[in-house]
Amino acid sequence: MKAKLCSRNAHKARELERLLPGWEIEPLAADDYPPETGGTYYENARGKALFGHARTGGGEWVIGEDSGIEVAALDGGPGVESARYAPEGAPAIARLLRDLDGVAGREARYVSELVCLSPAGEETRGTGALAGRIALEPRGTGGFGYDPVFVPDGEERTVAELGDEWKDRNSHRARAARALLAALAAALLLVVSACGGGTDPTSKRVLHAFFTQSPRGRTMGERFPHAAGSRGCQLHDGGKVVQATCSTEVSLVKPSRAVVTLTEAWNHGSAAHTWFFFITRSGVIESVVQEGSAPPAS
Ligand code: ITT
């Protein structure tokens, strides 16, 4: 999957590419983004995505992101105004520390809203938040923006000290990206059920091509049914053998393309890992998106 990120903030593009596995995220080069006039993160994120959709002529997937920091002692500010509170980096941090000078209650949270538009303009969104507090002085070199003064709940170090790997697992943007992937997955599953769940002859042919043509498809074929449906299997979760269900679905999304959806569900279905293989109908894998808990060994 390729998508244009409608943002002038290069940090966001780098983070999102790590957060959306299998996606190639390229910043949309434009110097005439409209002003952010929305009263909510969603309105601003959608405004950026719509700008990108119009600019690319609807030919590409586009993503808009709006985020900010909300500080309880500042009545939730700067919030959606975070980018305009002061120039990003040292000036914004200096102003925040000045505004909180002598204030004991330093609770805050980060919020991220992602809006994704398909080439046809269908909208999917994901929201994430990270609670914490504002430190007394900046510490650390990772991340960007307010990260040197943001200490997440349950931590003593700032996000800038905790580093990119921590941020990729726990940040407001990481949570928004997971919510977005889950929403996209749900939308795809609707397409799957609309296609009869892969039981027609074309679906059978496409699944056969997927499980026989590529090394990755053949490997997955050792654990998943080769026709649409489910079967019981055993997985190794943290050294324990658990009973699980392995399910295969296929959706014929375009005349020449399809999506093969493979899901392993275990612990009575409360944990699951799903692979979305975007393939040509001849079985060639073009990209893979994964969603859910870390997959146990088969
Ligand atoms: P675009 O509008 O072009 O996407 P921007 O930087 O102006 O880029 P926003 O309007 O969403 O982005 O403003 C978000 C501000 O909130 C950003 O400038 C940072 O100061 C802060 N911020 C957002 N996410 C952050 C993060 O992960 N770490 C630190 N600060 C963050």
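These values consider heavy atoms only, across backbone and side chains, with no hydrogens, waters or symmetry-generated copies. Counting convention: from 1, in listed order, for ligands and their atoms alike.
- With salt bridges taken as basic N to acidic carboxylate O contacts below 4.0 Å, one links Arg46 and Glu123.
- Each of the atoms 9 (P), 10 (O), 11 (O) of ligand 1 lies under 4.0 Å from some heavy atom of Asp66.
- Of the protein's non-hydrogen atoms, the one nearest atom 30 (N) of ligand 1 is Tyr146 N, 3.2 Å.
- With salt bridges taken as basic N to acidic carboxylate O contacts below 4.0 Å, one links Lys167 and Asp147.
- If you check which protein heavy atom lies closest to atom 28 (N) of ligand 1, you get Asp147 OD1, 2.8 Å.
- When non-hydrogen atoms are compared, ligand 1 lies under 4.0 Å from the backbone of Phe144 as well as from its side chain.
- For the ligand labelled ligand 1, residue Gly68 lies inside the 4.0 Å heavy-atom shell.
- Residue Lys12 holds the heavy atom nearest to atom 5 (P) of ligand 1 of all those in Arg8, Lys12, Glu113.
- Nearest protein heavy-atom neighbour of atom 24 (N) of ligand 1: Arg173 NH2, 2.8 Å.
- There is a side-chain donor-acceptor pair under 3.5 Å between Ser67 and Glu65.
- A donor-acceptor pair under 3.5 Å is absent between the side-chain atoms of Ser171 and the main chain of Asp168, judged by distance alone.
- A donor atom on one side chain and an acceptor atom on the other are not found under 3.5 Å apart for Thr263 and Ser247.
- Taking distance alone, with nitrogen or oxygen atoms compared against 3.5 Å, Glu15 stays at or beyond that limit from ligand 1.
- If you check which protein heavy atom lies closest to atom 17 (C) of ligand 1, you get Glu88 OE1, 3.7 Å.
- Taking the six-membered ring for Trp and thresholds of 30 and 60 degrees, Phe144 and His11 have nearly parallel ring planes, at less than 30 degrees apart.
- Under the 30°/60° scheme for interplanar angles, the aromatic rings of Tyr110 and His172 are found to lie parallel.
- Counting protein heavy atoms only, atom 6 (O) of ligand 1 is closest to Asn9 ND2, 2.9 Å.
- Taking 4.0 Å as the cut-off between side-chain N and carboxylate O, Glu60 and Lys4 count as a salt-bridged pair.
- Considering backbone and side-chain atoms alike, Ser82 places every N or O at 3.5 Å or more from each N or O of ligand 1.
- Contact between Ile69 and ligand 1 is absent, with no heavy atom of the residue lying under 4.0 Å from the ligand.
- Here is the list of ligand 1 atoms found below 4.0 Å of a heavy atom in Gly145: 29 (C), 30 (N).
- The ligand atoms of ligand 1 that sit less than 4.0 angstrom from a heavy atom of His172 are 24 (N), 25 (C), 26 (C), 27 (O).
- Aromatic ring pairs are classed by plane angle as parallel below 30°, tilted from 30° to 60° and perpendicular above 60°; the pair Trp275 and Phe224 is perpendicular.
- Among protein heavy atoms, the minimum distance from atom 23 (C) of ligand 1 is reached at Ser67 OG, 3.1 Å.
- At a heavy-atom cutoff of 4.0 Å, ligand 1 is contacted by the side chain of Glu36 but not by its backbone.
- The backbone N or O of Val80 sits less than 3.5 Å from a side-chain atom of Arg84, completing a donor-acceptor pair.
- The option with the heavy atom closest to atom 26 (C) of ligand 1, from among Lys167, Lys48, Arg84, is Lys167.
- For atom 13 (O) of ligand 1, the closest non-hydrogen atom of the protein is Ala83 CB, 3.3 Å.
- The line from CZ of Arg257 to CG of Leu252 is 13.0 Å long, rounded to the nearest 0.5 Å.
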